[in-house]
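To start, the structure itself, in structure tokens.
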Amino acid sequence: MELIFILIVGFVLRFLFFLSEASDEYSHLWMIKRIKRINNLWKDNVENSIIKGYRGYPPLPHYIVSRFPEKYWVVIGKLLNIIYDLITIIIVYYFSVFLFRDLWQIKLQGVINAPTAVAFLYATSPILSPVTARLKAIGGRTMGNLLCLIYIILFAYGFLSGNYFVYFFCFPIGWAIIISSQFGLQYIVFCCFFLSIFYLNPVPMMLISVIIISGIFVPKLGIKKLLQRKINHFIWYIKNYTKGTTASNRNNIKDMLLFPVYLVKNPKYFVSLCFKGITLIIGAYSIPPVVILVFWIVISPESMFLFINHDVTLFLFFVSISTVFIFILTSLKP
């Protein structure tokens, strides 16, 4: 019953943004029309272009929307983004039940038990609300998030249990991430990189590298062009970082030092820094489970011994910390 309540809350929070206009909706509609016209998920050449080339944008979300009647594309695209999120919430809930009941063997009691709290925190986390066009447009960010969660769960099971056969299931999920979401690809690569460093084990990074490289040779996946576009994107960012792009003024040391002063002398700028200027503050309210975990350790460090002997705990803890670092790292770029 509590899961149904959480899903209703999650849906309502997302539906509020469903009704608003999106800044880049027109771009996604163009890509959907293009896929619909050529009726081919993998053909990436741009027709009638002054300079010949290819789009190189993850096509899977647009292909799915293009299967519906054109007059419903906007509605279907936004609804699918909400549905992907709701499926993710369901997975988070049942995975939390497994951890607390079966693995850590903590008795589930009280008005709000631990899995319910975890799922509710996830469903209402501000970082999952569309400050930009995450739900407002028709892109693949929520799909990428769902696929990354599935990948991490599969990989964790295979890596921690020694059941390496599970790695074979990571391949189609990894390929799906690449062709569905730029953010998903970016996250999974960085996360596996940090896991390899944390465990001093090359397997996390090796597996995702093999998945990416092998995808290049899978007919019609189009991963080579997607990767080339991503590389070109990073090169553009590096070249233009100091030319007044949107993130070049973030995390200014002066602003960090004078942050409390601005509350009194310049409240408008203080609010701007909270939402746009200082990544650590944005991360603090955007990823509340991490803040709650730190607070929990400070007030009750002995309670951590209940979890510390479990490999899964260390894995999940480091994935959470990696997520924060990836959030900070990606927000520093323009």
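Treat the numbers as computed from the prediction; the structure is a model and nothing was measured.
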Closest heavy-atom pair and its distance - E2, Y93: OE2-OH, 2.8 Å
Would you say the side-chain atoms of W73 pair up with the backbone N or O of F68, donor to acceptor, closer than 3.5 Å? yes
Of the non-hydrogen atoms in L86 and G10, which two are nearest, and what is the gap between them? CD2-C, 4.3 Å
Before giving the answer on side-chain contact (heavy atoms from CB on, under 4.5 Å), spell out for S180 and W175 the whole-Å C-alpha distance, their side-chain angles and the decisive distance to 0.1 Å. CA-CA 9 Å; S180 67; W175 294 335; over 6 Å; no
Do the side-chain N and O atoms of Y269 and D255 include a donor-acceptor pair separated by under 3.5 angstrom? yes
Once rounded to the nearest 0.5 Å, what's the spacing between atom OG1 of T88 and atom CE of M143? 10.5 Å
Examine distances only and state if a side-chain atom of S66 and a backbone atom of K36 form a donor-acceptor pair shorter than 3.5 Å. no
Can you tell me how far SG of C192 sits from CD1 of I197, rounded to the nearest 0.5 angstrom? 11.5 Å
Smallest heavy-atom separation, F171 atom then S214 atom, equals CE2-OG, 3.6 Å
Is there a path of hydrophobic side-chain contacts, each under 4.5 Å between heavy atoms of I, L, V, M, F, W or Y residues, that connects V264 with L258? no
Quick check on the hydrophobic clustering: are I173 and I213 connected, directly or via other members, by side-chain heavy-atom contacts under 4.5 Å? yes
Do P59 and M31 have side chains that get closer than 4.5 Å, going by heavy atoms? no
Of the non-hydrogen atoms in S196 and M205, which two are nearest, and what is the gap between them? OG-N, 2.9 Å
Distance (rounded to the nearest 0.5 Å) between L13 CG and F11 CZ: 11.0 Å
With heavy-atom distances below 4.5 Å as the criterion, would you say the side chains of V189 and I212 are in contact? yes
What heavy-atom pair brings V65 and G77 nearest, and what distance separates the two atoms? CG2-CA, 3.9 Å
Can you find a pair of side-chain heavy atoms, one from I188 and one from I152, that are under 4.5 Å apart? yes
Hey, quick one: are L273 and L257 part of the same hydrophobic cluster, counting side-chain heavy atoms closer than 4.5 Å, chains of contacts allowed? no
Minimum heavy-atom separation for I211 to C170, with atom names? CD1-O, 3.6 Å
Report yes or no: do F168 and Y157 belong to one cluster of Ile/Leu/Val/Met/Phe/Trp/Tyr joined by side chain heavy-atom distances under 4.5 Å? yes
Any non-hydrogen side-chain atom of N201 less than 4.5 Å from a side-chain atom of L195? no
CZ of F190 to CZ of F194, rounded to nearest 0.5 Å, is 7.0 Å
As a quick check of understanding, evaluate side-chain contact (heavy atoms from CB on, under 4.5 Å) for I83 and I87, giving each step before the final call. CA-CA 6 Å; I83 290 171; I87 295 173; 4.0 Å; yes
Could you list the residues that satisfy ring pair (Phe, Tyr, Trp, His ring centres under 6.0 Å) with F259, not counting sequence neighbours? F270
Does CD1 in I253 sit with more than 12 non-hydrogen atoms of other residues, nucleotides or ligands closer than 6.0 Å? no
Apply ring pair (Phe, Tyr, Trp, His ring centres under 6.0 Å) to residues Y164 and Y167 and explain how you reach the verdict. CA-CA 5 Å; Y164 304 127; Y167 289 163; 5.6 Å; yes
Can you name the residues that form a ring pair (Phe, Tyr, Trp, His ring centres under 6.0 Å) with Y84, not counting sequence neighbours? none
Any donor and acceptor pair, going by atom type alone, linking the side chain of S181 with main-chain N or O of I177 inside 3.5 Å? no
Could you walk me through whether Y122 and I91 pass the side-chain contact (heavy atoms from CB on, under 4.5 Å) check? CA-CA 11 Å; Y122 183 85; I91 294 175; over 6 Å; no
Give a yes or no on whether Y262 atom OH has more than 12 heavy-atom contacts from other residues, nucleotides or ligands under 6.0 Å away. yes
How far does CG of L29 sit from CZ of R34, to the nearest 0.5 angstrom? 14.5 Å
Within the 4.5 Å heavy-atom criterion, are L227 and I223 side-chain neighbours or not? yes
Please list, chain by chain and in numerical order, all residues satisfying side-chain contact (heavy atoms from CB on, under 4.5 Å) with V271, sequence neighbours excluded. F275
If Ile, Leu, Val, Met, Phe, Trp and Tyr residues are connected whenever their side-chain heavy atoms lie under 4.5 Å apart, and connections chain through other members, are M206 and L154 in the same group? no
Given F95 and V118, is the side-chain contact (heavy atoms from CB on, under 4.5 Å) satisfied, shown in steps? CA-CA 10 Å; F95 187 59; V118 170; over 6 Å; no
What about the rings of F165 and F169, do their centers lie closer together than 6.0 Å? yes
Quick one: are the ring centres of F159 and F155 less than 6.0 Å apart? yes
Look up atom OG1 in T116 and atom CZ in F5, then write down how far apart they are to the nearest 0.5 Å. 10.5 Å
